[in-house]
Every structure is written in C-alpha cells, then in structure tokens.
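Below is one structure, written out as structure tokens, with a few remarks after it.
Naming: A, B, ... by sequence-line order, numbering from 1 per chain.
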Number of protein chains: 2
Amino acid sequence: MVTLQDVARAAGVSIATASWAVNDNKDVRIPESTRIKVRKVAEELGYRQNALARSLARGRSDLIGFISDGVATSPFAGQVIQGAQDEAWRNGKILLIVDTNGDPLIEQRAFSFMLERRVEGIAYSSWVHHAVKPPEELKQVNSVLINCFDESRRFPAVVPDEVQGGRTATELLLAAGHRRIAFINEKEPSPASVGRLTGYKKALSTAGIEFDAGLLTESTADQEGGYRAAGRVLASGATAVFCHNDRTAMGLLDALHERGVRVPQDLSLVGFDNQEVISAHLHPALTTVGLPQYDLGLLGIRALLAHGRQAGAVSAVGEVLRVACPAIVRESIRAL
Amino acid sequence: MVTLQDVARAAGVSIATASWAVNDNKDVRIPESTRIKVRKVAEELGYRQNALARSLARGRSDLIGFISDGVATSPFAGQVIQGAQDEAWRNGKILLIVDTNGDPLIEQRAFSFMLERRVEGIAYSSWVHHAVKPPEELKQVNSVLINCFDESRRFPAVVPDEVQGGRTATELLLAAGHRRIAFINEKEPSPASVGRLTGYKKALSTAGIEFDAGLLTESTADQEGGYRAAGRVLASGATAVFCHNDRTAMGLLDALHERGVRVPQDLSLVGFDNQEVISAHLHPALTTVGLPQYDLGLLGIRALLAHGRQAGAVSAVGEVLRVACPAIVRESIRAL
DNA sequence: ATGAAAGCGCTAACAG
DNA sequence: CTGTTAGCGCTTTCAT
C-alpha cells in the first residue's frame with residue numbers, strides 16, 4: 001500500500017504539503033503547480049487515502065450507523081435504506097448498516113460494533129410502524145428513530161402520516177362520487193390501524209357523511225384477511241372499499257373474482273402501502289396510497305445530521321415528524 | 001471518550017497491560033487478578049475500544065464490503081444480505097453495505113469508500129442472476145461475485161443452480177403423474193431462462209418423455225406475461241404448467257380464474273422464486289422452487305474469507321459455485 | 001508557501 | 001509477568 005509519505009517523497013515535498021494538495025485544503029495556500037504535481041504523483045503511484053488513519057487523526061469517522069430490524073424480511077426497508085444512503089452520501093457520510101432481524105442479541109452486538117467504530121449517529125429503524133422501547137445505547141450517540149417512535153419521546157422520530165394516508169385513500173373514493181365506503185381495517189391496534197381509521201372518519205365527516213359502523217370490518221392485514229372479509233363487505237351494500245393494505249385488497253379481489261363481482265365496475269377498491277409486486281400487477285391494477293419510504297430514510301438522516309450540527313439543541317428531541325403518504329392512482333376506482 | 005490510557009492509569013497498570021487484559025490476549029500471561037481489575041475499571045469508566053485506532057495499529061479493518069445493485073428494488077437481496085451478514089459476524093467481520101441502485105457513478109464511489117476504509121474483501125452482488133463485467137477495482141482486493149458471474153472467469157462466483165431448479169420444478173409435476181407439462185418461460189435469454197429450460201428438458205428426458213415444443217410458451221417474466229400466456233397453455237392440452245416464476249404464475253392464475261379453470265383440479269401449477277408475498281398467499285397457495293438467497297450470501301462470504309486465508313491460492317479463482325434451489329410444496333399441484 | 005513535529009488511540013515487539 | 005517504546009498513516013499547529 002502506498003502511503004502519503006511515499007507520495008510526498010516521490011513528489012519531493014513534505015508530507016504536510018502532500019496532505020494539503022491531496023485534500024484540496026482551502027485553509028492553506030499552496031501554488032497550483034505543486035498541487036498539480038503532487039496529485040499527479042499520487043495518481044501514478046495509485047495512492048489511496050487510508051480512511052482509518054484519517055478518521056483517527058481528525059476525530060471524525062464519517063460513519064453513520066443504520067440499524068434495521070429487517071431489510072431481509074421486508075419489501076419496505078429497502079427504499080428506506082436507499083433514501084438514507086443518498087442523504088448520507090450527499091453529506092460525505094457512509095452508512096454502516098446492520099439488520100438485526102429483530103434479535104436483541106444481534107442488536108446488542110450491532111451497537112457495540114457501531115460505537116467502537118465511532119459512528120457519528122445511529123438511525124434506528126423498524127419495518128413496521130410501531131412504538132419501540134429504544135435500547136439505552138442509543139442515548140450514547142446522536143440518534144433518530146425511523147418508521148417507529150419512542151413513547152417516552154426521548155428521541156426524534158420520522159414516521160409516515162397514517163391519518164393523512166387514511167384520509168387520502170378515502171378521499172380518492174369520495175372524489176369518484178362514492179358515499180357508502182366500506183373499510184376493511186386491521187384487527188390489531190397499531191399506529192396504522194388507528195391512524196388510518198381516524199383518517200377515514202375525518203374524510204367522511206369533512207364530506208358530510210356520517211360514520212356507519214356497519215361499513216367497518218376488521219381482519220388480519222393479509223390476503224387471507226381480505227379474502228374472508230368479502231362476505232361482510234358485500235352485505236354492507238358498499239359501492240367502494242378502502243382496504244387496510246394492498247395484501248388485504250389482493251385477497252378481497254380474489255374472493256370478488258370467485259363471486260363474479262367485477263372491479264371496478266361493481267365495486268371500487270383502494271389499497272394502502274403501494275407494494276408494487278402486488279398493486280401494480282393486479283387485475284385491475286390497484287389504486288392505492290404509498291408509504292413514503294424513501295423520504296423516511298432521507299429525512300431521518302437529515303434530522304440526524306442537523307441535530308448533530310446544533311449539538312445540544314433541545315428543539316428537535318422527541319419531536320416526531322410525520323411524512324405524507326402519496327396517492328397512487330391506477331385502475332381500481334370507477335367514478336359514479 | 002475514555003481511552004485505554006485512562007483505564008490503565010485508573011487501574012494502576014501500564015497501557016500495554018491494560019490492552020492485554022481488555023483483549024483477553026492469550027499470547028501473554030497476566031495474573032487473573034489484574035485482568036479482572038482492569039476489566040472492572042474499564043467497565044466502570046465506560047471504556048469502549050476505538051476500532052479506528054485498533055484497525056490502524058493492527059493493519060486489519062475487519063470490514064467486508066458488500067456492493068449490491070438493488071436491495072431497494074428487490075425482495076431477493078434482503079435474504080442474501082442476511083446470509084452474508086451472519087457469516088461475516090461469525091468471523092468477527094462486519095459488512096459495509098452499499099446499494100448502487102445500478103448506477104455506475106455510485107458504484108465508483110462505493111469502491112473508493114470501501115478501499116479507503118481498507119475492507120478485507122468485497123462481495124459484488126446483483127439482484128438478477130446474470131453475467132457482469134466486474135469493474136477493475138474489484139481486482140485490487142480479494143473478492144467474490146454473488147448471484148452474478150464474470151464471463152471471463154477472473155473471479156469466484158456463487159449463483160443459484162438454475163438447471164437443477166428447473167429440473168426440480170418439473171419433477172414435482174412428474175411425480176404427481178403429469179406427462180403433458182407446459183412451460184411458460186421468460187422470453188429474454190438469461191441464466192434463468194436457459195438454465196430452467198435445460199432443467200425442464202432433462203427432467204422430461206429422464207422420465208422418458210419427449211420434449212414437445214408445442215408445450216413451450218415464451219413471455220415476459222411478470223404477471224402480464226403469465227396472464228397473456230393462458231390461451232396458449234390451455235390450447236396445448238397440458239395438465240400442468242411450470243411457470244418461469246411466481247409472478248408469471250400469479251398472472252396465469254388470474255387468467256385461469258377468469259376462464260373458470262380451477263387450480264389444481266383442472267390444471268396444476270408450479271412457480272419459481274418462492275416470492276412469499278405472492279406464492280404463499282395465492283388461491284391456492286403456490287407450490288414453487290425457492291432461490292437459495294440466504295445461502296448465496298453466506299457461501300459468498302465464506303468463499304471470500306477462505307480465499308483470503310490461503311492468499312494466492314489459484315484453485316478457487318474463477319470457479320463458480322452453484323447452489324441448489326429447494327422445492328417448496330404448497331397446494332397448486334394435484335396428483336393424477 | 002512549506003516543513004517539522006506532535007499527536008489521534010491502540011498494538012506488538014522488546015526489554016526487564 | 002509487566003512496562004517502554006516504536007510505530008500504524010494521516011491531520012494540523014507552529015515555525016520558518
């Protein structure tokens with residue numbers, strides 16, 4: 001490995017000068033000529049900075065830890081990471097990602113690894129939007145929660161705006177003239193289920209429609225849940241249905257096909273999540289509401305970096321940022 | 001930040017001794033008592049090793065680079081990363097992951113980052129199994145290709161065994177008594193399409209069945225492709241069909257439902273990829289062949305590490321390891 | 001404008 | 001058994 005010392009020697013300058021030339025240091029003025037020369041020599045020798053030494057000397061690692069409880073399991077996490085990575089790079093930082101797969105022991109080791117590597121912050125993310133009890137280690141470093149939040153509000157968090165999402169989904173149907181809109185919601189209480197229900201009710205009330213409990217069906221948030229809800233939905237006399245997520249919609253669509261109910265001719269559908277493999281390829285393609293995954297990652301890292309800058313600023317601590325969920329219009333809604 | 005020096009001072013020992021104690025160094029014998037004491041002091045002071053300094057001093061970073069062209073876009077990559085991470089950790093290494101999203105510029109920067117960080121090897125992976133022209137930088141460090149391969153065979157590679165997979169899928173149908181088995185294959189030539197076709201033919205020939213070109217249909221490898229292939233498949237008089245992947249099977253199933261053809265009563269189906277969101281939740285649940293994603297990652301890193309150990313060993317260079325694709329039996333096959 | 005030199009925190013000979 | 005010390009490769013202050 002060729003070191004800066006080698007470059008300096010070969011270029012006939014001191015090691016300090018070589019450092020300045022290589023780093024294009026603005027604080028010090030060295031003649032363009034020597035700068036050029038040094039860089040040329042470095043190039044020829046195939047010099048490559050040693051980030052380990054550099055970090056040690058500067059006291060900055062330029063590393064940001066990213067802990068996820070499931071890139072592997074989830075089709076969502078990928079986009080979040082992409083957003084996080086892009087924002088990190090834009091700031092000259094690089095992500096040190098580890099997927100704990102939900103295992104506390106792995107999480108423990110992940111923290112050690114990261115802290116030992118002197119990461120400048122940690123983004124702690126989950127693939128399901130939910131409340132978490134962040135591990136103590138998180139407090140040892142600047143950090144942010146992504147797609148999850150701390151109930152005791154000790155950390156800033158970035159999450160999707162479920163309420164607005166639920167409202168948007170409902171409004172899509174309302175705008176098409178539907179008045180009797182069924183909602184197949186997830187049975188388990190969760191930020192998504194309570195948030196989306198709230199949004200659904202808000203949209204209805206804004207449109208001057210009274211909430212009808214008979215239009216609300218609870219089920220598991222997967223294909224089977226949607227499939228089993230078909231009977232109740234049909235019996236409710238709804239002309240449109242808002243499904244808790246795309247998987248639910250897929251199951252419902254399946255049941256509808258079997259019963260000869262056509263979508264969107266006989267019944268309009270809107271899903272949630274915009275899980276592409278499913279929504280974009282159903283028959284008909286599913287109109288849905290997307291999760292702002294990329295932005296969650298991007299904004300999470302941005303918050304981390306901003307917070308790091310104004311170190312100690314209390315303002316953002318515990319604050320939760322809700323990111324808008326966009327409408328994705330495809331073909332499953334028929335205008336009345 | 002408390003340093004080793006602080007610990008040493010507080011424990012009343014030299015910094016070297018402190019290092020021995022903290023690292024549980026076997027090469028040197030220090031009395032259990034001082035070892036305990038040092039560790040206790042370290043604990044109390046909240047000492048945490050500085051991996052940057054450690055790596056610099058030892059000349060080993062314990063970092064392994066993992067370049068992917070799409071964790072974000074693919075539901076497959078996640079499992080590969082999981083396998084890679086597990087194997088890396090088992091060896092005390094940590095993965096430095098970057099997703100290039102297929103962008104050569106990002107890839108370029110990724111290499112710089114990794115090389116500067118002195119990674120001990122790079123796993124270069126793709127989310128579609130295909131031939132790649134690995135960038136020159138890969139040669140600067142111990143490396144391995146995962147789910148892709150170098151046509152000029154300059155690097156070891158780990159890929160799924162498409163031929164065996166195609167054979168397995170076909171055998172699943174054969175075993176159920178089917179003789180007229182249609183194959184909806186991907187139109188574009190690719191390791192997957194040619195491999196699976198080869199496997200299909202082999203299975204047939206082993207079973208003493210002659211290949212019938214009339215049973216082969218080519219289409220795009222997605223839902224739409226499967227949907228459009230329905231007519232030809234039905235016309236072929238097949239009693240079973242092997243779909244190039246689960247998405248194709250999903251589209252086909254859709255078309256079949258519309259035409260009133262029941263699965264598996266009237267027609268048996270087998271997919272490929274075991275894309276859970278789809279295959280596990282179709283009606284009926286899809287019998288398919290899985291991709292050995294986890295193992296690809298695991299074996300890739302293992303190869304990297306092994307190769308690093310016997311540095312210079314020519315044996316493994318350019319060698320491609322084919323990993324078996326397992327059968328995933330669900331409900332879409334009916335025994336004749 | 002450029003060089004000398006003191007670290008950054010830790011490891012690993014080498015002495016004692 | 002334990003302490004001294006010379007680096008690892010680079011940044012940065014302080015002279016020159």
Side-chain angles (χ1 to χ4, degrees), chain A residues 1-39 41-42 45-63 92 112-120, chain B residues 1-39 41-42 45-63 92 112-120:
Chain A
M1 272 284 96
V2 15
T3 72
L4 189 55
Q5 170 137 216
D6 300 330
V7 174
R9 187 152 30 205
V13 298
S14 81
I15 173 171
T17 306
S19 173
W20 291 323
V22 167
N23 291 312
D24 240 333
N25 194 320
K26 294 303 179 195
D27 298 343
V28 85
R29 214 182 346 239
I30 60 177
E32 192 60 9
S33 60
T34 67
R35 214 192 57 110
I36 299 279
K37 183 176 59 188
V38 173
R39 309 200 105 196
V41 172
L45 263 45
Y47 170 70
R48 185 147 250 153
Q49 287 220 1
N50 182 327
L52 266 31
R54 172 171 229 253
S55 296
L56 182 58
R58 308 186 61 191
R60 294 210 286 107
S61 67
D62 287 324
L63 243 31
S112 296
F113 265 146
M114 294 183 171
L115 264 12
E116 285 174 5
R117 247 104 198 160
R118 297 299 188 261
V119 294
E120 296 173 20
Chain B
M1 274 282 96
V2 14
T3 73
L4 188 56
Q5 171 136 214
D6 300 330
V7 175
R9 188 152 28 204
V13 298
S14 82
I15 174 172
T17 305
S19 176
W20 301 144
V22 168
N23 292 312
D24 239 334
N25 193 318
K26 294 303 178 193
D27 298 344
V28 84
R29 216 182 346 240
I30 61 177
E32 192 59 11
S33 59
T34 66
R35 214 191 57 109
I36 300 280
K37 182 177 61 189
V38 173
R39 307 201 106 196
V41 172
L45 264 45
Y47 170 70
R48 186 148 250 153
Q49 286 220 6
N50 182 326
L52 267 30
R54 173 171 226 255
S55 296
L56 182 59
R58 308 186 59 191
R60 293 210 286 107
S61 67
D62 287 323
L63 243 33
S112 294
F113 265 146
M114 293 182 172
L115 263 13
E116 285 174 3
R117 247 101 197 164
R118 297 299 187 261
V119 294
E120 295 172 20

Please list, pair by pair, any protein nitrogen or oxygen found under 3.5 Å from a nitrogen or oxygen in nucleotides 2-6 of chain D.
{"unit_1": "D:dT2", "atom_1": "OP2", "unit_2": "B:Pro31", "atom_2": "N", "d": "3.4"}
{"unit_1": "D:dG3", "atom_1": "OP2", "unit_2": "B:Ser14", "atom_2": "N", "d": "2.7"}
{"unit_1": "D:dG3", "atom_1": "OP2", "unit_2": "B:Ser14", "atom_2": "OG", "d": "3.2"}
{"unit_1": "D:dG3", "atom_1": "OP2", "unit_2": "B:Thr17", "atom_2": "OG1", "d": "2.7"}

Shortest non-hydrogen contact from B:Arg48 to A:Arg118?
O-NH2, 3.0 Å
Whole-Å distance separating the CZ atom of B:Arg9 from the C1' atom of C:dG9:
13 Å
To check you understand the geometry: which heavy-atom pair defines the closest contact between B:Ser61 and B:Arg117, and what is its length?
CB-O, 3.6 Å
All heavy atoms of B:Leu4 vs all of B:Tyr47, minimum pair found to be N-CE1, 3.4 Å
Rounded to whole angstroms, how far apart are CG on A:Leu4 and P on C:dA5?
17 Å
If you compare all heavy atoms of A:Val2 against all heavy atoms of A:Leu45, which two are closest, and at what distance to 0.1 Å?
CG1-O, 3.3 Å
In whole Å, what is the span from the CG atom of A:Asp6 to the P atom of D:dC10?
9 Å
So, the side chain of A:Arg39 versus the backbone of A:Val22: is there a donor-acceptor pair under 3.5 Å, distance only?
yes
From CD of A:Gln49 over to C1' of C:dC8, roughly how many Å is that when rounded to an integer?
16 Å
From the set C:dC10, D:dT12, D:dG9, return the single nucleotide nearest to any side-chain atom of A:Ala53.
D:dG9
Has B:Arg54 got a side-chain N or O lying under 4.0 Å from the OP1 or OP2 atom of C:dT11?
yes
Atom-to-atom span, CZ of A:Arg58 to C1' of C:dG9 - whole angstrom
17 Å
Calculate the interatomic distance between B:Met1 atom CE and C:dG7 atom P; express it in whole Å.
21 Å
Check salt bridge (Lys or Arg N to Asp or Glu O under 4.0 Å) between B:Arg9 and all other residues, then give those that pass, not counting sequence neighbours.
B:Asp6
In whole angstroms, the gap separating P of C:dC8 from CD of B:Gln5 amounts to 8 Å
Could you tell me the separation between the CG atom of A:Asn23 and the P atom of C:dT2, rounded to a whole number of Å?
16 Å
Nearest non-hydrogen partners of B:Val41 and B:Ala11, listed with the distance
CG2-CB, 3.9 Å
Tell me which nucleotide among C:dT11, D:dC10, C:dG9 gets nearest to the side chain of B:Asn50.
C:dG9
